[in-house]
Amino acid sequence: MTPLEITRVEAYLQATFGNGKIRIAPPKKRGGPIEVSIAGEFIGVIYRDDDEGEISYSLNISILEEDLPTLANS
């Protein structure tokens, strides 16, 4: 993703989720993962897809079982 694409997707996510703390970090090396965080906490990665000239972006969020809250009736 280009710096402009990162800025545009970040603005879209901030507006869509109503959270100005969402940040997209440029990859540390070319072709590396594009990480998304909220208030400094890693939440997932974004992938760019170019299918016959149609560009789309996929946000993949990983949730670890150990991070889930315990519920009283579980």
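Residue numbers run from 1 in the order of the sequence given.
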| request: Of all the heavy-atom pairs spanning Leu13 and Ile22, show the shortest one and how long it is. | output: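 Closest heavy-atom pair between Leu13 and Ile22: O-CD1, 3.7 Å.
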| task | Drop me the distance from Ser58's OG to Asp49's CG, to the nearest 0.5 angstrom. | result |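 Rounded to the nearest 0.5 Å, the OG-CG separation comes to 6.5 Å.
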| field | Atom pair CG (Asn60) and CD1 (Ile43), whose distance is rounded to the nearest 0.5 Å | value |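 Output value for this atom pair is 10.5 Å.
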| Okay, side chain of Arg30, backbone of Pro27: is any donor-acceptor separation there less than 3.5 Å? |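 The answer is no, because no donor-acceptor pair under 3.5 Å joins these two groups.
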| said: Quick one: does any side-chain atom of Asp51 pair with a main-chain N or O of Glu54 as donor and acceptor, under 3.5 Å? | reply: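 Side chain of Asp51 to backbone of Glu54, a donor-acceptor pair under 3.5 Å: no, none is there.
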| message | Could you check whether any side-chain heavy atom of Asn19 comes within less than 4.5 Å of a side-chain heavy atom of Ile38, counting everything from C-beta outward? | response |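 Yes, at least one pair of side-chain atoms sits under 4.5 Å.
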| With a 4.5 Å limit on heavy-atom distance, are the side chains of Glu35 and Arg23 in contact? |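 The answer is no, as the side chains (C-beta and beyond) never meet within the 4.5 Å cut-off.
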| field | Partners meeting side-chain contact (heavy atoms from CB on, under 4.5 Å) with Tyr12 (sequence neighbours left out) | value |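 Counting only residues at least two positions away or on another chain, Tyr12 forms a side-chain contact (heavy atoms from CB on, under 4.5 Å) with Thr16.
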Name each donor-acceptor pair under 3.5 Å that joins a side chain in residues 4-11 to protein atoms two or more places apart or in another chain, with its distance.
residue, atom, partner, partner atom, Å
Glu5, OE1, Thr2, N, 2.8
Glu5, OE1, Thr2, OG1, 3.4
Glu5, OE1, Arg48, NE, 3.4
Glu5, OE2, Arg48, NE, 2.7
Glu5, OE2, Arg48, NH2, 3.3
Glu5, OE2, Tyr57, OH, 2.7
Thr7, OG1, Pro3, O, 3.0
Glu10, OE2, Ile24, N, 2.8

| field | For Phe42, the rest of its hydrophobic cluster, which grows through side-chain links under 4.5 angstrom | value |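 ILVMFWY cluster around Phe42 also holds Val45, Tyr47.
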